[in-house]
Amino acid sequence: MVVAAATAIISLGAHAQQASPVGLWKNIDDKTGKPKALIRITESNGEYKGKIEKLFREPGEDPNPKCDQCQDSRKDQPIIGMTILTGLKQDGEEFTGGQILDPANGKVYKSKMAVVDGGKKLDVRGYIGMPAFGRTQTWVRADRAD
């Protein structure tokens with residue numbers, strides 16, 4: 001009986017760890033299927049944020065672009081190092097109530113995310129108004145920043 005209880009506790013602990021979005025994620029472009037960026041998600045006081053650590057650029061593209069389309073304090077700031085995901089809080093299996101910036105167009109969208117595939121993938125949805133009016137990208141957990 002003690003072994004069964006210990007096994008259950010260990011299983012719950014492993015499940016909780018798998019459900020965390022904290023870590024480094026490779027953002028995959030939902031149109032081209034190519035990696036766009038590495039984003040580090042952190043948690044502080046129950047709020048999850050995401051910051052761009054690296055961009056995957058094509059030859060000839062500016063290796064350190066600025067957010068010239070941004071309309072807030074991020075206007076003309078370097079995209080590398082920029083916080084693009086803010087305000088997310090755990091709500092059961094999902095993380096909701098946040099905002100995500102698309103540096104390509106400078107627009108800020110409502111956001112939610114869910115850890116899937118045993119913690120290997122993260123479904124990140126940006127939307128206007130209701131979640132039904134938006135798009136989802138699947139990010140892949142990355143072990144390193146290369």
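Note that the coordinates shown come from a computational prediction; the quantities given were computed from them, not determined experimentally.
Placement of Met82 and Tyr109 within a single hydrophobic cluster is found when ILVMFWY residues are connected by side-chain heavy-atom separations under 4.5 Å, directly or transitively. Put simply, Val124 and Ile128 are part of the same group of oily side chains (I, L, V, M, F, W, Y) that touch within less than 4.5 Å, one to the next. Hydrophobic clustering of Ile, Leu, Val, Met, Phe, Trp and Tyr side chains at less than 4.5 Å, counting indirect connections, unites Ile80 with Trp139. Val108 and Ile52 fall within the same hydrophobic cluster, where Ile, Leu, Val, Met, Phe, Trp and Tyr residues are linked whenever their side-chain heavy atoms come under 4.5 Å apart, directly or through other members. In the hydrophobic cluster analysis, where Ile, Leu, Val, Met, Phe, Trp and Tyr join through side-chain heavy atoms closer than 4.5 angstrom, Val22 is grouped together with Ile84.
Considering CG of Leu55 and CD1 of Ile39, their distance stands at 9.0 Å, rounded to 0.5 Å. Separating the CZ atom in Arg57 from the CD1 atom in Ile79 is a distance of 6.5 Å, to the nearest 0.5 Å. Remark: Thr42 OG1 to Lys49 NZ distance equals 7.0 Å, nearest 0.5 Å. For the atom pair CZ (Arg141) and CG (Leu24), the distance works out to 9.0 Å, reported to the nearest 0.5 Å.
In this structure, the side chain of Lys75 engages the main chain of Asp68 through a donor-acceptor pair within 3.5 Å. At least one donor-acceptor pair closer than 3.5 Å links the side chain of Asp62 to the backbone N or O of Asn64. A distance-only check finds a donor-acceptor pair linking the side chain of Glu61 to the backbone of Glu58 [under 3.5 Å].
Between Glu43 and Ser20, every side-chain heavy-atom pair lies at or beyond the 4.5 Å cut-off. Here the side chains of Leu38 and Lys26 are in contact, with some heavy-atom distance below 4.5 Å. Within the 4.5 Å cutoff, the side chain of Ile41 has no heavy atoms near those of the Leu88 side chain. You'll find the side chain of Tyr48 stays beyond 4.5 Å of the side chain of Leu85, heavy atoms only. With a 4.5 Å cut-off on side-chain heavy atoms, Phe95 and Gln90 count as touching. Gln137 has its side chain within reach of Asn27: a pair of non-hydrogen atoms, C-beta onward, lies under 4.5 Å apart.
Within a 6.0 Å radius of NZ in Lys107, other residues, nucleotides and ligands contribute 12 heavy atoms or fewer.
Residue pairs meeting the salt bridge (Lys or Arg N to Asp or Glu O under 4.0 Å) criterion with at least one member in residues 123-136, sequence neighbours excluded: Asp30-Arg135. Applying the disulfide bond (SG atoms under 2.5 Å apart) definition to pairs two or more places apart or across chains, those involving residues 50-85 are Cys67-Cys70.
Legend: residues meeting side chain to side chain contact (heavy atoms under 4.5 Å, CB included) with Gln69, ordered by chain and number and at least two apart, are absent.
With respect to Asp29 and Lys31, no salt bridge is recorded, no charged nitrogen being found less than 4.0 Å from a carboxylate O.
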